[in-house]
Amino acid sequence: MTIILDPDEPAGWREAPSAPAADDNPFVQGLNPEQREAVEYRGPALLIVAGAGSGKTRVLTHRIAGLIASREAWPSQILAITFTNKAAAEMRERVGALLGEADDGMWISTFHSACVRILRREAEAIGLSQTFTIYDSADQRTILKRIIKELDADTMGFTPAGAASKISKLKNELADVETYARNANLNDPHEVTFLSIFREYSRRLRDASALDFDDLIAETVYLFRAFPKTAALYRRRFRHLLVDEYQDTNHAQYSLIHELTRPVEPEEVHELEAQGLHVRGLLDANHEIPGASLTVVGDSDQSIYAFRGADIRNISEFERDFPGARVVLLEQNYRSTQNILSAANAVIANNFDRKDKNLWTADGAGEQIVGYTGYTAHDEAQFVADEIDALHRAGMAYREMAVFYRTNAQTRALEEIFVRSAVPYRVIGGTKFYERAEIKDAMAYLIAVANPLDELALRRILNTPKRGIGPATETALAKFADENDLSFREAMRAAAGLGLGPKVTGAILGLVGILDQAALMMVPTDPASGSNAGAAKVSEVLAFLLAEGGLVTALRGSRDPQDETRAENVEELLAQTKAFDTENPGSTLVDYLTQVSLVAAADELDDASGTVSLMTLHTAKGLEFEAVFLTGIEEGLLPHQMSATEPGGPAEERRLFYVGITRARKRLYLSLAMSRAQFGEVAVAMPSRYLQEIPEGLIDWKQSPGDATSRGGTQPRALNARRGPGSGGYGRSADDRFGSARRLESLDRFSVTKSEAPRAEWANKVTGTVRDNGDLTLEAGDRIRHTDFGDGTVQQVTGEGTKRIAHVAFDAAGAKKLLIKIAPIEKL
DNA sequence: CTGATTCGGATTTTT
DNA sequence: TCCGAATCAG
């Protein structure tokens, strides 16, 4: 009979039912020997080096399930950190399925969510309101913009984005203002100014009781360091720490892991006992609670967040950090075909300074990788659309296909063509719902209610919708607050004494009255009980604020046609809060705001949707699809030109390419364009250097860069085809392998160069043209003319209303699907 | 204070 | 190309 600690049990102890026979662990069935070891190893530290597609989620979930089923740990003693909320949800679900029971008290979340949870609980200790606001990068920019303006720092070349990234870097290194001030060179005026910006920024966040993303981690580390007793509580609780995507942790996150896995020393053990917390069974011979067992999973080849402070050394030096750590290498791939893996292996092998790793599969070579070079981005997009259509006709579901790109700007051409070609798609990330101005406005109302100290939120809604409170009044309020040591909210309440016009004063008092009233709605009947019973639901408060604040009414009454959509978006938000209320009964407004603040792009993925997913390569990490299209594989884009100046840039870009390749299960498509529009101007694009790194024979070029650039009638030739006889050798140099494409003469191969005009033979084959065809009706047998594809015959028409789709056999361009309403066609 | 207009500048990736 | 800031007329 085992008795182990259960932190969630009031008594602190619970008797564990006898463990199942230990010699037959059901959670290693069907695992390969390495996976099995990763699941079964017990010790203070375990590093699982998991190549792409090697089943690491499986290993992690089985490891957790095994710990719980064998009664080595209660669920509540487990803290598992994932990269996205979606990954967390998936892991929770899979552990639940393995155990066949609910996961009481298990923490499976992102770093940020876990920290918010801890910080809200301990907020008072570090002088923060429990309802602190989480500022996103846009909020950060707004504040920095104001500060820079006030300090006249723009004359010294400071930009909000620049300052934000510098502050973020410092926070990721756990350097706060005072630390920075101590090390700053005060003879450098630039540094002095930056220090003032940093100091002022920190002051404003503190005054508003707000934290930015980086603070969430850093403040938690500070909390643990400043309050050993608090730290001891969490160290006692979490006995097993599991961290996914360890290669992408930054210094602050690394420190947090260290703080959590430290032993609880005898003095703190006494403290815990004095507080009535049990430690029996946890103590070792030295009368301390040993550090939690740490399992990290990662793959340094997939480290793509160095720009955000991720430090690859965290993983490469794990064995040094945790002496005696076991390392398990997972190399067998269960996701992709060998052709895809061979391409990935070959590409990543070009990164020096890495441990050799070779992905392999037992499942066979599979199809060749398909390559295509378009003349323009639209041409490229048309290729993707056509292939998607072909795959779909062959029986592949749209949701099993994904299109990746390096920058969000690349979605434009893809979307234009997809819409026209009736490809159902969804952009993951990009301009997110919650980043829309009207949504941020509505959210600001909620934030102002939850956190009255939040000046940013107040100022945002002060004159939204228009109430006649202009910049002058706003400044007056801010000045009054500053001089009388009041919060902005208090200054608003005192507006009557400011000598403003009666209309303006009335508007201010009206707004602050609405907010105060809403705040009252949020108070539970019995605040002391910790339950939220009696408090208004989030949706009720939002409905009240919208009705009284007049945001939707103003949008509906506006003459701007776009405002109608904005009003609908706000209604959509209201519907979302209703859903939140139903799904999370008893949750508070702050819970809602937290959840919204921490959603990531990948969290939006909806497995059930029958659409193709479009996303950046960064968002794609951790996902997999049956078919993957990697687009824009060009110099300047991948590697991105901006990466050239960053240390380790090209290597990181190569890892990004590697991540993209390894997302594909069965089919991989690589495409690029020979010219790409940038700010309306057409620039010549060169094939990415990484393309040459893929061995010949793996790619089947439908149209190679050679075709697109040669003058006059060259044979289609693979990008990496051997040179003809007589030209000497099969060198590995780039020029040799580019065949005819190499004579792009003096153009700098490694950058995107502007040219006056596209050359005639590159004239746009496919454009993004659309046209409003009204209610043009077509039926099978009709002849039509398309601006890009020429003449063709309608085979059949499907769909209803504005979504009517013509299936057309073009005389020259082959079969295409067209959305009748907008395709650039005319009936002949 | 509001709304229209013009002009200049920007684009990497994201919790 | 598009977005935001600056400018000016009501």
Side-chain angles (χ1 to χ4, degrees), chain A residues 81-88 109-116 134-138 140-142 145 149 154 159-161 164-165 168 171-172 211-218 245 248-250 252-253 303-310 404-413 416 428-432 435 437 462-463 465-474 500-501 503-504 507 558-560 597-603 615-622 632 636-646 649 652-653 655-657 659-660 676-683 752 768:
Chain A
I81 304 282
T82 60
F83 203 64
T84 63
N85 293 304
K86 180 166 188 281
S109 70
T110 62
F111 269 110
H112 296 267
S113 306
C115 287
V116 171
I134 301 164
Y135 280 174
D136 66 14
S137 18
Q140 206 175 16
R141 261 215 324 277
T142 312
K145 202 193 290 170
K149 202 166 176 188
D154 45 347
T159 60
S165 106
S168 172
K171 288 186 175 178
N172 285 334
L211 299 176
D212 63 25
F213 280 129
D214 303 315
D215 285 331
L216 295 177
I217 315 289
E245 308 283 12
D248 284 323
T249 51
N250 60 34
Q253 292 164 332
S303 162
I304 55 173
Y305 282 104
F307 72 93
R308 209 169 73 190
F404 302 156
Y405 35 82
R406 177 66 233 269
T407 69
N408 285 117
Q410 289 168 251
T411 49
R412 185 156 301 136
E416 282 168 6
I428 312 297
T431 315
K432 280 162 256 159
E435 282 170 13
L462 193 60
N463 197 30
K466 302 264 180 289
R467 304 186 169 86
I469 308 173
T473 313
E474 187 181 332
L500 298 160
K503 233 171 128 185
V504 181
S558 152
R559 282 191 293 111
D560 186 336
S597 301
L598 299 178
V599 289
D603 297 338
M615 68 190 88
T616 65
L617 284 163
H618 283 89
T619 309
K621 191 174 74 157
L637 223 41
L638 190 78
H640 196 276
Q641 51 215 351
M642 292 298 180
S643 72
T645 52
E646 294 203 358
E652 174 140 326
E653 298 284 307
R655 289 194 290 269
L656 204 46
F657 188 40
V659 166
R676 193 165 287 272
Q678 232 179 16
F679 324 120
E681 288 201 72
V682 179
V752 173

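Here is how names work: the chains are called A, B, and so on, in the same order as the sequence lines, proteins then strands, and each is numbered from 1.
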Exercise for the section: Would you check if A:T82 and A:E245 make a side-chain contact, meaning some heavy-atom pair closer than 4.5 Å? Expected result: no
Exercise for the section: Answer with yes or no after comparing the ring centroid distance for A:F307 and A:H618 against a 6.0 Å cut-off, counting only values under it. Expected result: yes
Handout entry: Watson-Crick or G-U stems involving DNA chain B, each at least 3 pairs long, distances under 3.5 Å, ordered by first number
Key = B:1-10 with C:1-10
Exercise for the section: Examine distances only and state if a side-chain atom of A:D248 and a backbone atom of A:A310 form a donor-acceptor pair shorter than 3.5 Å. Expected result: no
Practice task
For the residue pair A:T407 and A:Q410, confirm or rule out a side-chain donor-acceptor distance under 3.5 Å.
Solution key: yes
Practice task
Check the distance between B:dT14's C1' and A:Q253's CD and give it to me in whole angstrom.
Solution key: 12 Å
Exercise for the section: Check the geometry between A:F307 and B:dT13 and answer yes if their rings are stacked (centres below 5.5 Å, planes below 30°), otherwise no. Expected result: yes
Exercise for the section: Remember a base hit wins even if backbone is also touched, and classify A:T473 as base, sugar-phosphate or nothing at under 4.0 Å, heavy atoms. Expected result: sugar-phosphate
Handout entry: Reference residue A:T110; test side-chain contact (heavy atoms from CB on, under 4.5 Å); the match among A:N85, A:L216, A:V116
Key = A:N85
Handout entry: A:L656 CG - B:dT14 C1' separation (whole Å)
Key = 12 Å
Practice task
State, yes or no, whether a side-chain contact exists between A:S643 and A:E652 at a heavy-atom distance under 4.5 Å.
Solution key: no
Exercise for the section: State, yes or no, whether a side-chain contact exists between A:H112 and A:Q253 at a heavy-atom distance under 4.5 Å. Expected result: yes
Handout entry: Short side-chain to backbone donor-acceptor contact, A:E653 and A:H640, under 3.5 Å
Key = yes
Completion exercise
Separation of B:dT14 atom P from A:I134 atom CD1, nearest Å, is 19 Å
Practice task
May I ask you to verify if any side-chain N or O of A:N408 is less than 4.0 angstrom from the OP1 or OP2 atom of B:dT13?
Solution key: yes
Problem - Separation of B:dT15 C1' from A:N85 CG (nearest whole Å) - result: 9 Å
Problem - A:N250 and A:D214, any side-chain heavy atoms less than 4.5 Å apart - result: no
Hey, what are the protein-to-nucleotides 2-7 of chain B N/O distances that come in under 3.5 Å?
| from | atom 1 | to | atom 2 | distance (Å) |
| --- | --- | --- | --- | --- |
| B:dT2 | OP1 | A:G468 | N | 3.0 |
| B:dT2 | OP2 | A:N463 | ND2 | 3.1 |
| B:dA4 | OP1 | A:R559 | NH2 | 3.0 |

Exercise for the section: May I ask you to verify if any side-chain N or O of A:T619 is less than 4.0 angstrom from the OP1 or OP2 atom of B:dT13? Expected result: no
Problem - Expected output: side-chain A:N463 to main-chain A:G468 donor-acceptor under 3.5 Å - result: yes
Handout entry: A:T616 side-chain proximity, nearest of B:dT12, B:dT15, B:dT14
Key = B:dT14
Problem - Any side-chain heavy-atom pair of A:T249 and A:Y305 under 4.5 Å - result: no
Practice task
Return the value, rounded to whole Å, for the distance between atom CZ of A:F404 and atom P of B:dT13.
Solution key: 16 Å
Practice task
Look at all strands and tell whether A:F111 reaches a base, only sugar-phosphate, or nothing, counting heavy atoms closer than 4.0 Å.
Solution key: nothing
Exercise for the section: Provide, to the nearest angstrom, the distance between the CD atom belonging to A:E653 and the P atom belonging to B:dT13. Expected result: 11 Å
Handout entry: Distance, rounded to the nearest Å, where A:H618 contributes NE2 and B:dT13 contributes P
Key = 9 Å
Problem - Side-chain heavy-atom pair A:V659, A:L617 within 4.5 angstrom cut-off - result: no
Handout entry: Comparing A:M642 and A:A472 on DNA chain B - which has the more 5′ nearest nucleotide
Key = A:A472
Practice task
Classify the side chain of A:H640 and the base of B:dT12 as holding, or not holding, a donor-acceptor pair under 3.5 Å.
Solution key: no
Under 3.5 Å, which N/O atoms of the protein pair with N/O atoms of nucleotides 5-7 of chain C?
| from | atom 1 | to | atom 2 | distance (Å) |
| --- | --- | --- | --- | --- |
| C:dA5 | OP1 | A:K145 | NZ | 2.6 |

Exercise for the section: Would you mind reading off the distance between A:Q410 atom CD and C:dC2 atom P, rounded to a whole angstrom? Expected result: 17 Å
